[in-house]
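Worksheet for the structure shown next.
Hydrogens, waters and symmetry mates play no part in the numbers below; they use all other heavy atoms, side chains included. Chain identifiers are assigned alphabetically (A, B, ...) following the order of the sequence lines, protein sequences preceding nucleic acid strands; residue numbering begins at 1 within each chain.
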2 protein chains.
Amino acid sequence: MAYTLHRGDALTVLTRLADHSIDAVITDPPYNSGGRTSSERTGRTPRAKYTSSDAAHDLADFPGDNRDQRSYIRWLAELLTEAYRLTREHGSALVFSDWRQGPATSDALQMAGWTWTGVMPWRKPTARPRKGGFKQDCEYVYWGVKGTVDRSRDLYLPGFFTASQPRKDRVHITQKPVEVMRQLVQICPEGGTVLDPFTGSGSTGVAALREGRHFIGIELSRHYADLAEERLRGELSRDDFVLVGPEK
Amino acid sequence: MAYTLHRGDALTVLTRLADHSIDAVITDPPYNSGGRTSSERTGRTPRAKYTSSDAAHDLADFPGDNRDQRSYIRWLAELLTEAYRLTREHGSALVFSDWRQGPATSDALQMAGWTWTGVMPWRKPTARPRKGGFKQDCEYVYWGVKGTVDRSRDLYLPGFFTASQPRKDRVHITQKPVEVMRQLVQICPEGGTVLDPFTGSGSTGVAALREGRHFIGIELSRHYADLAEERLRGELSRDDFVLVGPEK
DNA sequence: TAATTGTATGAATCCATGA
DNA sequence: CTCATGGATTCATACAATT
């Protein structure tokens, strides 16, 4: 297994990649969510929007979390259009979203040509409660395919995930649990290639390598690109990775 | 606790009800999905769509499940507009949807004036697996409020439900588990009134009565109106219902 | 070693205050 | 008035510290 990391803007780098070189696009774009007013959403850093005021951690902000909803849909649709071009027939796109941006994500996916085939909730047991009603403790993975689902594969994946956010060793505010990502990357055939245009700290890549898929990542921020590089390099030199047997 | 059942068309009956008489609208409209093409959606009866071909069900069809998506949104928005008028300030609407109609449901809710405040997945552990990818084993409850959430209530509800569809004693194709509905009706203050314009077999009403809320139901089909009537009457004569203590 | 107690925090949300 | 800003708040859960 091998990986490639590009440092730069997602859309710019995508346009340079070759047609039909990718089997699955799995990514977690900035949600541009958080806050009731436009200025709350666009005028604050991710840390200010998403972090408890008494939290002691010192994780870096990430860029691109300040679009309004209209330009968010257009931007995401354009990105997913490029991703569609790169993807082989029957390939998949898996896009993370919170509850607020769900409809926008579904729209963008379909505007880009993907066939929307499902939604998989990811439940986070440690979400904040909400006084006066129902808490919102799920994020969502929107699933699109290029053309139709490949029904010839003997593959049965869950429709729902539950896992806590990484706490120890966390390096990104929105870091995803590797155990969830390991399930998701299986939508890519073994030995195929997974693309993540918003690599962040690289959990998608880590999962891809552990599950025997190649990985191509793109990350704008130097800080996170370096962190992802380090984590991915560490994966290739893990001597226990041959111990990972076939999933039951 | 008391209940009222109207037999008739939802929209027609709603226009006859009084302003500000309702605390929570909790309902499961016909989803109108279940097929990729317009003809697949409109050409089959609900039984043909929602039951597997080999299942030995004997459940009656229900009407109003063959609109295309555009008119579905308009129809649902109109219905939710009437429901909005009936509802008190800070009251809630909880609308069931499958994954396909989620964006449409969110649109209709907001078109009708409700503030969209969340989505709660309901997971059905017995859903069929899907060859070649992720199974779709969740339905969704879309939550809207009139104005803002009432933060003065000391109420903390879950953001996620898991429960199997009733198997024994099931009388409606899309019957909801009472244990899920008992959580949902708590968004209505104790002693308040819950409205369900698509009563079906009456699970919302059963849950409302058990949790100490009044219930108003509307059901078009004579068959299901009779069934709901019977179930609700049975609730009022349960001698164990006084044993239901205050929720912790 | 196992059980118990203690502490920090969450892709938030709400509200008072000031511009 | 509206809009922007910053600080206070909520509890289940994870993990560390302690018994």
Would you say the rings of A/Trp75 and A/Phe198 are close, in the sense that their centroids are separated by under 6.0 Å?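 A/Phe198 vs A/Trp75: aromatic centres under 6.0 Å.
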A/Ser53 side-chain N/O to D/dG7 phosphate OP1/OP2 under 4.0 Å: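 The answer is no; no side-chain N or O of A/Ser53 sits under 4.0 Å from OP1 or OP2.
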May I ask you to say what [X] touches in the nucleic acid, namely base, sugar-phosphate or nothing, with a heavy-atom cut-off under 4.0 Å?
X	result
A/Ala127	base
A/Pro30	base
A/Lys168	sugar-phosphate
B/Pro158	nothing
A/Ala56	sugar-phosphate
A/Tyr140	nothing
B/Tyr156	sugar-phosphate
A/Arg47	nothing
A/Thr174	base

In whole Å, what is the span from the [atom1] atom of [X] to the [atom2] atom of [N]?
X	N	atom1	atom2	result
A/Arg41	D/dA4	CZ	P	11 Å
A/Asp137	C/dT13	CG	C1'	15 Å
B/Leu157	D/dC11	CG	P	13 Å
A/Lys131	D/dA8	NZ	C1'	13 Å
A/Arg44	C/dA12	CZ	C1'	10 Å
A/Arg167	D/dA14	CZ	P	8 Å
A/Asn66	D/dA4	CG	P	15 Å
A/Asp54	C/dT7	CG	P	14 Å

With sequence neighbours excluded, tell me which residues meet side-chain hydrogen bond (donor to acceptor under 3.5 Å, both in side chains) with A/Arg123.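 By the side-chain hydrogen bond (donor to acceptor under 3.5 Å, both in side chains) rule, A/Arg123 matches A/Asp137.
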Could you please name the option among [options] that lies closest to any side-chain atom of [X]?
X	options	value
A/Glu40	D/dT9, D/dT13, D/dT5	D/dT5
A/Lys135	D/dA12, D/dC11, C/dC14	D/dA12
A/Asp98	C/dC14, D/dA4, C/dA12	C/dA12
A/Tyr50	C/dA12, C/dC14, C/dT13	C/dA12
A/Arg128	C/dA12, D/dA4, C/dT13	C/dA12
A/Pro125	D/dT13, D/dC11, C/dC14	D/dT13

Can a side-chain donor-acceptor contact be found between A/Thr42 and A/Asn66 if the only test is distance below 3.5 angstrom?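 There is no such pair (donor and acceptor under 3.5 Å, judged by atom type) between the side chains of A/Asn66 and A/Thr42.
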I'd like to know if A/Ser52 reaches the base of C/dG10 with its side chain such that a donor and an acceptor end up less than 3.5 angstrom apart.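 Indeed, a donor on one side and an acceptor on the other fall under 3.5 Å apart.
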Residue closer to the 5' end of DNA chain C, A/Thr126 versus A/Trp99 (nearest nucleotide):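 Residue closer to the 5' terminus by nearest nucleotide: A/Thr126.
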I need the single residue from A/Arg213, A/Glu229, A/Glu235 that forms a side chain to side chain donor-acceptor pair (under 3.5 Å) with A/Tyr3. Which is it?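 It is A/Glu229; the other options fail the test.
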Is there a donor-acceptor pair under 3.5 Å between the side chain of A/His172 and the backbone N or O of A/Ser201?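 Judged by distance alone, no pair lies under 3.5 Å.
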How many angstroms lie between atom CE of B/Met1 and atom CZ of B/Phe215, to the nearest 0.5 angstrom?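 Output value for this atom pair is 14.0 Å.
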D/dT10 pairs with which nucleotide, Watson-Crick or G-U wobble, both distances below 3.5 Å?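 Paired with no nucleotide.
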With nearest nucleotide decided by heavy atoms, which residue, B/Arg151 or A/Arg123, maps closer to the 5′ end of DNA chain D?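 Nearest nucleotide further toward 5': that of B/Arg151.
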